[in-house]
A.B. asks: 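Would you mind keeping the following structure in view while I ask a few things?
Here is how names work: the chains are called A, B, and so on, in the same order as the sequence lines, proteins then strands, and each is numbered from 1.
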2 protein chains.
Amino acid sequence: MTTSHLILLIEDDIQTRRFLKSSLNHRGWQTVEADNGKTGLAMLNSENPDLVILDLGLPDMDGIAVTRRLRQLSDLPILILSARSQEQNKIMALDAGADDYLTKPFGSGELHARLQALMRRISRGIANQEIFETGQLRVDLTRRKVFVGENEVRITPIEFRLLSILIRHAGLVVTHRQLLQEVWGAEHIHDQHYLRIYLGQLRHKLEINPARPRYLLTEMGVGYRLAVDDHSSQD
Amino acid sequence: MTTSHLILLIEDDIQTRRFLKSSLNHRGWQTVEADNGKTGLAMLNSENPDLVILDLGLPDMDGIAVTRRLRQLSDLPILILSARSQEQNKIMALDAGADDYLTKPFGSGELHARLQALMRRISRGIANQEIFETGQLRVDLTRRKVFVGENEVRITPIEFRLLSILIRHAGLVVTHRQLLQEVWGAEHIHDQHYLRIYLGQLRHKLEINPARPRYLLTEMGVGYRLAVDDHSSQD
DNA sequence: CGGGCGCGTAAAAAAGGCGTAAAGAGCGTT
DNA sequence: AACGCTCTTTACGCCTTTTTTACGCGCCCG
């Protein structure tokens, strides 16, 4: 159930802050507040919250920078608040490590739903699964071993990291940017040919017919996705 | 506190104001009224409404200016009322941050439908949900998948971005400018033929009869609107 | 009646993304 | 020092997507 749940609000607008506070307290969450990015970051250590709600339109710091810093300092769930005019920033914030977002204006029901979903996602710990399995494919994430049917497949370090990321987001699209960022680091964010080559190698090793992949699917112009088992398959 | 639904009417014409007030009260909304832009803006703070209905033809201030100021002061939903002669102003108001419009004369049913769409965005959070569904159409926004009935439909990146924007504003009008700006960037703001072509492609893929669209509706001279099914059985 | 305007459609040309092969570079191990 | 493995770089052909171009229709207004 809902245990402690202290929420850190980083929001400059008094009105919004008041609304958030009352709405959250009403639902049984504790809150601490900061009206700018700097003190917000400072409170991360002093208050030790369970979750952060961050407004992108802060006066003192760029919202993206705050997000990135938060992510550097902890793995806490981060919920972004953005005004309608900040669509682009919102996407950048998600890329920088935010977990979800709300576009203003929003009601308390919506806020509550987002928080619930966020909490559920975190506590369920999808990321911590030890063995992933779909179709003929089986991946032991802690032993770093991969099987197709009965046979073990040799996997290189980079291949394994790529595969792990796709497994962690199984069924979802992972953007080029995300993959490159996590495997090769920020300075190779534009080297998409790496992805083509390594995805090609992985397909060669994992797919029955690499030309018609069943697991490692391409999302044109966006990224890649690991297909999750949907009971029937041909090809 | 959250379900009060107080509407601020900014409207100079007594007759229209009376009609609006009675029509709204009848539906269970509270109203406060201002007969000019200045007091209207002042009441924003004093009355703390949940939504604003603004007539563009005010005596004291330019409607666009009022809209812009409202947007500066808050993120409240704004519904514009405009006379038929104010076609151009209407578009400018939408671009300045208004959410939807009604052209006089209008009936209470029409008014009600627009308000429903606006309110739904807030209370149910249509703007942020992961799966959008209406009629035969189902869009999974995080998985980037689109279904018509049982069948998945292949969607290109640009098509998906357009569709996402319309979904984010489901039930509301989105101006040409807004769409072009968000998808192609500021330098293509006048290339409306892009919209014609891509909306055509989307209709071809999503509509049962592309020539008589049920979902992707054209607002002549203004923009496009994604129609939503109203599950409520009133009116 | 005709011409302009906004919208929708079709089909082309252009651009860009993707997959594959293969050769070169780096690095640890033997 | 040579070998083997992995990672990086380069090149090319195919295919999808995007952009360009052209035309047809309905409507309002002169």
Side-chain angles (χ1 to χ4, degrees), chain A residues 144 146 152-164 166 173-180 182-185 187-225, chain B residues 84-85 87-88 90-91 103 144 146 152-164 166 173-177 179-180 182-185 187-225:
Chain A
R144 307 177 66 91
V146 179
E152 180 170 355
V153 176
R154 284 179 60 94
I155 292 281
T156 74
I158 287 195
E159 285 165 8
F160 189 80
R161 289 181 72 186
L162 268 178
L163 186 56
S164 304
L166 290 170
V173 181
V174 188
T175 62
H176 298 135
R177 199 187 180 77
Q178 263 176 294
L179 291 168
L180 289 164
E182 273 206 61
V183 177
W184 283 273
E187 65 272 26
H188 290 95
I189 262 183
H190 297 108
D191 297 337
Q192 297 193 8
H193 57 280
Y194 283 8
L195 294 178
R196 289 204 288 280
I197 289 164
Y198 277 94
L199 263 295
Q201 287 176 7
L202 274 172
R203 282 183 178 135
H204 198 71
K205 293 181 177 180
L206 305 184
E207 299 280 0
I208 295 152
N209 180 357
R212 286 177 196 285
R214 284 168 53 189
Y215 307 122
L216 300 166
L217 308 183
T218 300
E219 294 289 323
M220 274 264 190
V222 183
Y224 295 86
R225 164 195 8 231
Chain B
R84 201 164 296 263
S85 57
E87 187 73 15
Q88 200 50 46
K90 182 179 74 186
I91 295 168
T103 306
R144 306 181 62 95
V146 178
E152 180 169 354
V153 176
R154 281 179 62 94
I155 293 281
T156 74
I158 287 195
E159 285 165 7
F160 188 82
R161 287 172 73 185
L162 269 178
L163 186 56
S164 301
L166 290 170
V173 71
V174 187
T175 62
H176 297 135
R177 197 189 181 80
L179 291 168
L180 288 164
E182 273 208 58
V183 177
W184 283 273
E187 65 272 28
H188 290 94
I189 266 184
H190 297 107
D191 296 338
Q192 296 193 8
H193 57 281
Y194 283 8
L195 294 178
R196 289 203 288 281
I197 290 165
Y198 276 95
L199 264 295
Q201 287 176 7
L202 275 172
R203 282 183 178 135
H204 197 72
K205 293 181 177 181
L206 305 185
E207 299 280 0
I208 294 151
N209 180 357
R212 301 209 189 308
R214 285 170 51 192
Y215 307 122
L216 300 166
L217 309 183
T218 301
E219 295 284 324
M220 277 268 194
V222 181
Y224 294 87
R225 178 198 305 270

A.B. asks: Look at the side-chain N and O atoms of A:Trp184 and state whether any lies under 4.0 Å from the OP1 or OP2 oxygen of D:dT8.
C.D. replies: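 Checking A:Trp184 against D:dT8: at least one side-chain N or O falls below 4.0 Å of OP1 or OP2.
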A.B. asks: Do B:Arg203 and B:Thr218 have side-chain atoms, one donor and one acceptor, less than 3.5 Å apart?
C.D. replies: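 Yes, because at least one side-chain N or O of B:Arg203 sits under 3.5 Å from a partner of the opposite role on B:Thr218.
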A.B. asks: Contact class for A:Tyr224 vs. all strands (heavy atom < 4.0 Å): base, sugar-phosphate, or nothing?
C.D. replies: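 Sugar-phosphate contact only - A:Tyr224 comes under 4.0 Å of backbone atoms but never of a base.
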A.B. asks: Distance check needed: C:dC18 C1' versus A:Leu199 CG, whole Å only.
C.D. replies: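 It is 10 Å, rounded to the nearest whole Å.
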A.B. asks: Does the pair A:Met220 and B:Thr156 meet the rule for a side-chain contact (heavy atoms from CB on, under 4.5 Å), with working shown?
C.D. replies: CA-CA 7 Å; A:Met220 274 264 190; B:Thr156 74; over 6 Å; no
A.B. asks: Of B:Gly221 and A:Val222, whose nearest nucleotide on DNA chain C comes first from the 5' end?
C.D. replies: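 Here B:Gly221 is the residue nearer the 5' end.
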A.B. asks: When you measure from the side chain of A:Arg154, which nucleotide among D:dC5, D:dT8, D:dT20 comes out closest?
C.D. replies: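 Closest nucleotide among those given: D:dC5.
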A.B. asks: Of all the choices, D:dT19, D:dT17, C:dG8, which nucleotide is nearest to the side chain of B:Tyr198 once you look at every atom?
C.D. replies: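 Looking only at side-chain atoms, B:Tyr198 lies closest to D:dT19.
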A.B. asks: Go through A:Glu152 and A:Val146 one step at a time and tell me if the side-chain contact (heavy atoms from CB on, under 4.5 Å) criterion holds.
C.D. replies: CA-CA 6 Å; A:Glu152 180 170 355; A:Val146 179; over 6 Å; no
A.B. asks: Working to the nearest 0.5 Å, report the span between NZ of B:Lys205 and CD of B:Glu159.
C.D. replies: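 B:Lys205 atom NZ to B:Glu159 atom CD measures 3.5 Å (nearest 0.5 Å).
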A.B. asks: Take the protein atom CZ of B:Arg196 and the nucleotide atom C1' of D:dG24, then report the distance between them rounded to whole Å.
C.D. replies: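 Value for this atom pair: 13 Å.
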A.B. asks: Rounded to the nearest angstrom, tell me the gap between atom CD1 in A:Ile155 and atom P in D:dC7.
C.D. replies: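 Roughly 10 Å, once rounded to whole Å.
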A.B. asks: For the pair made of CG in B:Leu180 and P in C:dG6, what is the distance, rounded to whole Å?
C.D. replies: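 Value for this atom pair: 14 Å.
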A.B. asks: Return no unless some side-chain N or O of B:Thr156 is found under 4.0 Å from OP1 or OP2 of D:dT16.
C.D. replies: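 Checking B:Thr156 against D:dT16: no side-chain N or O falls below 4.0 Å of OP1 or OP2.
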A.B. asks: If you check the B:Thr218 side chain, which of D:dT16, D:dT20, C:dC7 turns out closest?
C.D. replies: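 Nearest nucleotide to the side chain: C:dC7.
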A.B. asks: Kindly point out which of D:dT18, D:dT10, C:dG8 is positioned nearest to the side chain of A:His193?
C.D. replies: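 Nucleotide nearest to A:His193's side chain: D:dT10.
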A.B. asks: Can you tell me the distance, in whole Å, between the CG atom of A:Leu162 and the P atom of D:dT8?
C.D. replies: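 Between P of D:dT8 and CG of A:Leu162: 11 Å.
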A.B. asks: Side chain of B:Pro157 only, heavy atoms from C-beta on: which candidate in D:dT9, D:dC7, D:dT18 is closest?
C.D. replies: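 Of the candidates, D:dT18 comes closest.
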A.B. asks: Write down the distance between CZ (B:Phe160) and C1' (D:dT16), rounded to a whole number of angstrom.
C.D. replies: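 One finds 18 Å between C1' of D:dT16 and CZ of B:Phe160, rounded.
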A.B. asks: Check every strand shown and say whether A:Gln192 touches a base, only sugar-phosphate, or nothing at a heavy-atom separation below 4.0 Å.
C.D. replies: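 Sugar-phosphate, no base atom in range.
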A.B. asks: Measure from the side chain of B:Met220, starting at C-beta and using heavy atoms only, and say which of D:dT9, C:dG6, C:dC18 lies closest.
C.D. replies: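 Of the candidates, C:dG6 comes closest.
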A.B. asks: Under 30°, 30 to 60°, or over 60°: which ring-plane class applies to B:Trp184 and B:Tyr194, parallel, tilted or perpendicular?
C.D. replies: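 Taking B:Tyr194 first and then B:Trp184, their aromatic rings sit tilted (interplane angle of 30° to 60°).
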A.B. asks: State which of D:dC7, D:dT18, C:dT20 makes the closest approach to the side chain of A:Ile197.
C.D. replies: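 Among D:dC7, D:dT18, C:dT20, the one nearest the side chain of A:Ile197 is C:dT20.
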A.B. asks: Looking only at side-chain atoms of A:Ile158, point me to the closest of D:dC7, C:dG19, C:dC7.
C.D. replies: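 Among D:dC7, C:dG19, C:dC7, the one nearest the side chain of A:Ile158 is D:dC7.
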A.B. asks: Could you state the atom-to-atom distance from CD of A:Gln201 to C1' of C:dT20 in whole Å?
C.D. replies: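 Result: 11 Å.
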A.B. asks: If we ignore hydrogens and angles and just use 3.5 Å, is the side chain of A:Glu207 paired with the main-chain N or O of A:Leu216 as donor and acceptor?
C.D. replies: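 Confirmed, A:Glu207 side chain pairs with A:Leu216 backbone.
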A.B. asks: Roughly, in whole Å, what's the span from OH in B:Tyr194 to C1' in C:dC7?
C.D. replies: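 About 18 Å, once rounded to whole Å.
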A.B. asks: With a cut-off of less than 4.0 Å, is there a side-chain N or O of A:Arg203 near OP1 or OP2 of C:dG19?
C.D. replies: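 Answer is yes, contact under 4.0 Å.
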A.B. asks: Which nucleotide sits closest to the side chain of B:His176: D:dT16, C:dC7, D:dT18?
C.D. replies: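 Nearest nucleotide to the side chain: C:dC7.
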